[in-house]
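Here, residue 1 is the first one in the sequence, and each next residue gets the next number.
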Amino acid sequence: MKKFLLAISLGLVLVLSVTACSQDTKKEVKEATDAVKEDAKQAAEDAKKEVDKATDKAKEEIDKTKEKIEEKEFTLEELKEFNGKDGKRAYVAVDGVVYDVTDSKAWKDGQHNGFEAGNDLTDAIKNESPHGIAKLDNVVKVGVIKD
């Protein structure tokens, strides 16, 4: 009977030890999990900051490029070179702004409904074109006409 009680006592001690160890292990696992979650959250926040910085920098570069493009000045004589023929770009001017219509399907070979690229088409676009200046929102501004 002593051996039996001793065995039961040892068993209880073992169970209590495992339970205590298990509680400590659970606590350690939870702490480790919380730490990993916090590290992941911080890494995500840091990555978002980096993406935001890169996005802001890219926007600044785009704005600088747009300014450079819009600063390019053409005389009406220089504009004539951009008639869309023989592989040349097709530019038109409207209200002093020069637009690149090269990639517009409507301006194949620098011509569209009787209008020719390489010219100031302000009057024609505003007074003869059925869509007016609305379609100019779909093309790239490449410069301005020199006064």
Check: Are V139 and V97 joined in one hydrophobic group, where the rule is that I, L, V, M, F, W and Y side chains link up if heavy atoms are under 4.5 Å apart?
Finding: yes

Item checked: Residue pair Y91 / L79, side-chain heavy-atom distance below 4.5 Å -> yes

Checklist line | K53 NZ to T55 OG1 distance, which is reported to the nearest 0.5 Å | finding: 12.0 Å

Item checked: Side chain proximity check, I133 to K126, heavy atoms < 4.5 angstrom -> yes

In a table with atom names and distances, give each donor-acceptor pair under 3.5 Å that connects a side chain of residues 104-112 to protein atoms at least two apart or in another chain.
{"from": "S104", "atom 1": "OG", "to": "A106", "atom 2": "N", "distance (Å)": "3.4"}
{"from": "H112", "atom 1": "ND1", "to": "A106", "atom 2": "O", "distance (Å)": "2.9"}

Next item on the list: Find the distance between NE2 (H131) and CD1 (I125) and round it off to the nearest 0.5 Å.
Entry: 6.5 Å

Margin query: Any non-hydrogen side-chain atom of D103 less than 4.5 Å from a side-chain atom of R89?
Written below: yes

Item checked: Side chain to side chain, I145 and T75, heavy atoms closer than 4.5 Å -> no

Note to self: Taking CG in D46 as the centre, count heavy atoms belonging to other residues, nucleotides or ligands within less than 6.0 Å. Is the count above 12?
What the structure shows: yes

Next item on the list: Identify whether V92 and F115 are in the same connected component of the hydrophobic contact network (ILVMFWY, side-chain heavy atoms under 4.5 Å).
Entry: yes

Notebook entry, point to check: Is any side-chain N of the basic residue among K80 and D120 closer than 4.0 Å to the acidic one's carboxylate O?
Noted result: no

Check: Can you name the closest pair of heavy atoms from V94 and T122 and give their distance?
Finding: CA-OG1, 3.3 Å

Checklist line | Co-membership, hydrophobic cluster, residues V142 and Y99, 4.5 Å side-chain | finding: no

Checklist line | By side chain to side chain donor-acceptor pair (under 3.5 Å) - contacts of K48 (at least two apart) | finding: D52

Notebook entry, point to check: Nearest 0.5 Å, what's the OG-CG distance between S129 and L121?
Noted result: 9.5 Å

Notebook entry, point to check: Quick one: side chain to side chain donor-acceptor pair (under 3.5 Å) partners of D123, sequence neighbours excluded?
Noted result: N127

Notebook entry, point to check: Of all heavy-atom pairs between E78 and E73, which one has the smallest distance, and what is that distance?
Noted result: OE1-O, 3.7 Å

Note to self: Assess the residue pair K88 and N83 against the criterion (side-chain contact (heavy atoms from CB on, under 4.5 Å)); give the C-alpha distance rounded to whole Å, side-chain angles, the decisive distance to 0.1 Å, and a yes or no.
What the structure shows: CA-CA 7 Å; K88 295 179 184 173; N83 60 12; 3.8 Å; yes

Check: Any idea which heavy atoms bring F74 and G143 closest together, and the distance?
Finding: CE1-CA, 4.1 Å

Next item on the list: Could you tell me whether D100 and K141 make a salt bridge, using a distance below 4.0 angstrom between a side-chain N and a carboxylate O?
Entry: no

Notebook entry, point to check: So, the side chain of N119 versus the backbone of E116: is there a donor-acceptor pair under 3.5 Å, distance only?
Noted result: yes

Next item on the list: Following the transitive rule for hydrophobic clusters with a side-chain heavy-atom cut-off under 4.5 Å over Ile, Leu, Val, Met, Phe, Trp and Tyr, establish whether V98 and L76 coincide in one cluster.
Entry: yes

